[in-house]
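Beneath this line is the structure, given in structure tokens, with notes to follow.
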Amino acid sequence: MDLKYLELLAKEYPSAEAVSTEIINLSAIRSLPKGTEYFFSDLHGEYEAFLHLLKSASGMILSKIDLIFGKTLNTSSREELASLIYYPEQRMKLLRADGQLDDEWRKLTIYRLIQVCEAVSAKYTRSRVRKRMPQEFSYVLDELLNVTEDINKDFYYEEIIRSILNTGIADSFITALCYLIQSLSIDQLHIIGDIFDRGPRADIIMDELIRFKNVDIQWGNHDISWMGAASGNRALMANVVRIATSYNSFDQLEDGYGINLRALSEFAGRVYHDDPCTYFAPHTLDRNKYDPVGLNLAAKMHKAIAVIQFKLEGQLLARHPEYNLTRHVGLNNVNFQDMTVNIEGKSYPMRDTYLPTIDPKDPCMLTKEEGALMDVLAASFEHSEKLQKHIKFLYSHGSMYRTYNNNLMYHGCIPMDEKGNFRSYTFTEGSYSGKAMLDYINKIASRAYYGGCSKEKQQCAIDFMWYLWCGQDSPLYGKDKMTAFEHYFIEDKSTYKETYDPYYRLNNQVEICDKILREFGLDPTHGHIINGHVPVKKIDGDSPIKAGGKLFVIDGGISKAYQSRTGIAGYTLIYDSHSLRLAEHRPFHRNERENTPDVQVVERMPQRVNIADTDNGKAIAEEIEDLRELLKAYREGVIQEGIGRPYRYR
């Protein structure tokens with residue numbers, strides 16, 4: 001082994017005893033059961049529903065309570081304990097108001113919470129559990145969770161809990177214990193794309209993900225749109241503002257990210273003063289708490305930014321004919337003499353013809369006011385500290401795909417032809433398909449935000465982020481075209497059709513899934529594909545389980561915008577040491593009893609999966625081998641203990 005590497009390792013483990021202790025510790029860790037992984041997709045800003053799923057571990061905390069107390073507590077008492085774990089401050093506030101928060105309740109509750117905490121922490125080392133404990137209570141919690149057999153457990157508990165009550169810290173202690181249970185219930189969190197858009201507060205979701213210990217993100221097309229906007233793509237800036245105004249998400253823009261909408265508001269109110277903007281009325285699935293905007297003004301703002309977006313998209317396409325988006329419809333398709341839209345040789349009348357900012361001779365040119373407005377928005381995107389923090393997190397913890405524990409995760413699709421061959425796309429630097437395509441897109445996305453190349457190359461990458469949002473060969477979008485323009489301006493609904501990539505018709509075939517798994521270096525015998533992007537319409541008989549359990553589509557409509565079409569509110573895929581489970585969510589209600597999902601086991605492991613069987617376990621095994629080399633170097637005198645430098649005979 002390279003001596004310089006061993007020297008560096010010796011600085012962390014300066015003696016043979018330290019090395020031996022760590023080898024023992026790591027070997028013990030490999031023998032533990034694997035932690036529980038949770039897979040979520042298409043959160044779309046639905047922060048209340050998502051935070052509840054995190055707090056409740058998608059119903060698994062209640063399942064654990066049922067297992068522990070099923071014979072001693074009735075259903076109502078078990079649900080009340082679960083509710084306390086999810087929302088400790090709120091629940092205790094209600095109990096206090098009802099006069100139920102006495103020391104007898106506190107004592108009994110601590111006993112029960114300790115039992116739940118013992119159960120959810122059983123698969124972790126003591127040191128790992130301690131790291132998740134709040135520092136102010138770590139000693140007491142450690143004692144309660146690890147009473148040795150030679151101590152009278154009941155008496156020991158009694159004394160500690162009496163001291164907690166006497167010192168007046170019981171309520172804070174209970175709260176800390178509830179949050180520890182939450183933290184220990186989810187070991188690894190996988191987000192399969194589309195955190196942003198439609199729902200009210202994606203920024204709150206991002207704040208929570210940043211606080212989470214172990215999380216990875218596979219970008220969705222809505223995420224890439226925000227990433228492109230933060231990189232400087234003005235068409236995508238207009239796009240994310242358009243979607244936010246369309247879904248009445250002003251709190252996210254202004255309170256969450258500090259995006260200055262005043263210029264847009266004033267411009268829209270003046271230019272479209274007498275226009276009812278009928279086809280731009282916003283969805284009102286959520287109310288704004290901090291930045292309420294009247295629906296009439298919101299519709300005007302929506303139309304103003306949509307027109308600007310279509311202009312900017314036309315400019316971008318003029319710069320990049322190589323995108324070959326011949327089916328993309330925009331302002332260049334409009335005949336302004338008779339106000340019709342030409343789509344593949346057929347003319348359709350425009351249902352909204354009031355377009356005062358458009359010059360028919362150059363329909364994609366911004367007016368002076370529109371240009372100034374975009375300057376204001378661009379400055380807001382660039383200088384929003386929270387937005388830039390969130391985008392950097394998306395880059396540092398995200399990518400186009402991830403392979404982990406023989407599972408392949410990606411948001412959209414692997415572009416294919418009708419025969420199931422990987423379809424290639426020619427970029428400026430070559431043609432790529434399959435895994436190579438996604439790897440190359442990772443580089444393009446990073447180049448757009450971080451640069452590290454010529455300004456010309458970076459600008460091309462910034463522009464290409466728009467293609468990734470809606471281009472026909474984009475693995476994130478996976479459709480032949482986006483029909484936003486048609487939805488606004490054409491009555492004929494036949495023009496709204498967006499045809500999915502053949503992948504979505506082929507992914508129910510075992511041989512196709514096996515081919516994809518092999519392409520990404522995974523064993524098809526045990527591997528799975530975990531996918532999002534396309535809502536599963538259970539109401540129409542669709543299933544999230546494809547190809548006999550090879551592929552799971554876990555977008556089922558956490559977003560309220562989809563639930564009328566799906567009949568459910570999304571899925572969580574849960575992978576613990578015993579099984580794969582699929583949790584089917586109900587639409588979120590503030591009454592927690594209505595939020596417990598239906599959970600089914602979709603695959604049982606042939607034997608319990610230990611950490612040794614996982615990717616982390618393999619990495620630990622390599623670390624153990626390195627430590628053995630260091631131990632050998634100490635014992636042979638190649639490196640002196642306590643010095644960390646090689647001993648050389650002269």
Side-chain angles (χ1 to χ4, degrees), residues 1-37 114 117-151 153 156 180 183-188 212-216 403-406 575-578 605 607-650:
M1 181 169 290
D2 184 78
L3 194 57
K4 289 184 178 180
Y5 172 69
L6 289 180
E7 291 176 35
L8 291 172
L9 200 58
K11 292 180 180 179
E12 189 171 354
Y13 304 100
S15 68
E17 289 77 8
V19 175
S20 300
T21 299
E22 185 64 4
I23 290 173
I24 294 167
N25 177 49
L26 293 176
S27 299
I29 289 173
R30 277 172 47 84
S31 68
L32 291 171
K34 73 173 287 296
T36 305
E37 300 172 57
I114 288 295
C117 197
E118 285 176 339
V120 298
S121 65
K123 62 180 64 177
Y124 302 118
T125 61
R126 288 181 64 175
S127 63
R128 186 163 186 181
V129 174
R130 277 197 297 268
K131 288 176 183 176
R132 298 203 180 188
M133 292 176 180
Q135 189 173 359
E136 64 271 26
F137 297 120
S138 60
Y139 175 78
V140 177
L141 285 167
D142 193 39
E143 289 296 302
L144 287 171
L145 290 173
N146 299 285
V147 178
T148 58
E149 293 297 327
D150 58 343
I151 291 178
K153 191 171 184 177
Y156 193 63
L180 178 60
S183 175
L184 293 170
S185 296
I186 301 177
D187 186 57
Q188 180 78 33
F212 204 85
K213 299 293 182 184
N214 302 311
V215 61
D216 55 75
T403 58
Y404 188 75
N405 291 341
N406 220 32
Y575 179 24
D576 62 22
S577 59
H578 293 290
M605 301 300 112
Q607 59 187 27
R608 192 170 196 185
V609 181
N610 290 331
I611 290 175
D613 306 312
T614 67
D615 289 354
N616 283 343
K618 294 171 187 174
I620 291 172
E622 293 177 359
E623 190 175 345
I624 290 172
E625 286 304 309
D626 292 349
L627 289 168
R628 285 177 176 156
E629 289 292 330
L630 178 60
L631 185 61
K632 180 181 177 183
Y634 279 144
R635 289 175 174 169
E636 292 180 353
V638 176
I639 295 178
Q640 289 182 310
E641 295 184 57
I643 297 177
R645 293 180 311 206
Y647 177 79
R648 295 187 174 89
Y649 294 96
R650 297 190 181 279

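Please read these numbers as outputs of a predicted model, since none were measured by experiment. Along the sequence shown, residues carry numbers from 1.
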Heavy-atom pair of closest approach, residues [X] and [Y]:
X	Y	answer
Ser20	Arg635	OG-NH2, 4.2 Å
Lys618	Arg30	N-NH1, 4.2 Å
Thr614	Val609	CG2-CG1, 4.3 Å
Val19	Leu627	CG1-O, 3.2 Å
Met605	Tyr575	SD-CE1, 3.9 Å
Pro33	Ile611	O-CG1, 3.7 Å

[Y] backbone acceptor or donor facing [X] side chain under 3.5 Å:
X	Y	value
Gln188	Gly35	no
Asp576	Thr36	no
Ser183	Leu180	no
Tyr124	Leu184	yes

For the OH atom on Tyr139, are there more than 12 heavy atoms of other groups (residues, nucleotides or ligands in this structure) within a distance under 6.0 Å?
no
Would Lys123 and Leu32 count as a side chain to side chain contact (heavy atoms under 4.5 Å, CB included) if you check the C-alpha gap in whole Å, the side-chain angles of each, and the deciding distance to 0.1 Å?
CA-CA 6 Å; Lys123 62 180 64 177; Leu32 291 171; 5.6 Å; no
Out of curiosity, [X] [atom1] to [Y] [atom2], how far, rounded to the nearest 0.5 Å?
X	Y	atom1	atom2	answer
Asp626	Leu631	CG	CG	12.5 Å
Ile186	Asn214	CD1	CG	11.0 Å
Glu37	Asp216	CD	CG	8.5 Å
Asn25	Ile624	CG	CD1	9.0 Å
Leu26	Thr21	CG	OG1	11.0 Å
Glu136	Leu141	CD	CG	9.0 Å

Do Arg608 and Ser577 have side-chain N/O donor and acceptor atoms under 3.5 Å apart?
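The answer is yes; a qualifying pair exists.
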Check step by step if side chain to side chain contact (heavy atoms under 4.5 Å, CB included) holds for Glu625 and Arg628.
CA-CA 5 Å; Glu625 286 304 309; Arg628 285 177 176 156; 2.8 Å; yes
With side chain to side chain contact (heavy atoms under 4.5 Å, CB included) as the test, would you mind laying out the steps for Tyr5 and Glu629 before giving the verdict?
CA-CA 11 Å; Tyr5 172 69; Glu629 289 292 330; over 6 Å; no
Between Glu7 and Lys4 (salt bridge meaning N to carboxylate O under 4.0 Å), is one present in this structure?
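Here Glu7 does not pair with Lys4 in a salt bridge, since their nearest N and O are not under 4.0 Å apart.
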Is there a side chain to side chain contact (heavy atoms under 4.5 Å, CB included) between Asn405 and Lys34? Walk through the geometry before answering.
CA-CA 10 Å; Asn405 291 341; Lys34 73 173 287 296; 4.0 Å; yes
Would you mind telling me which of Arg132, Arg130, Arg128 makes a salt bridge (charged side-chain N to carboxylate O under 4.0 Å, His left out) with Asp142?
Arg130
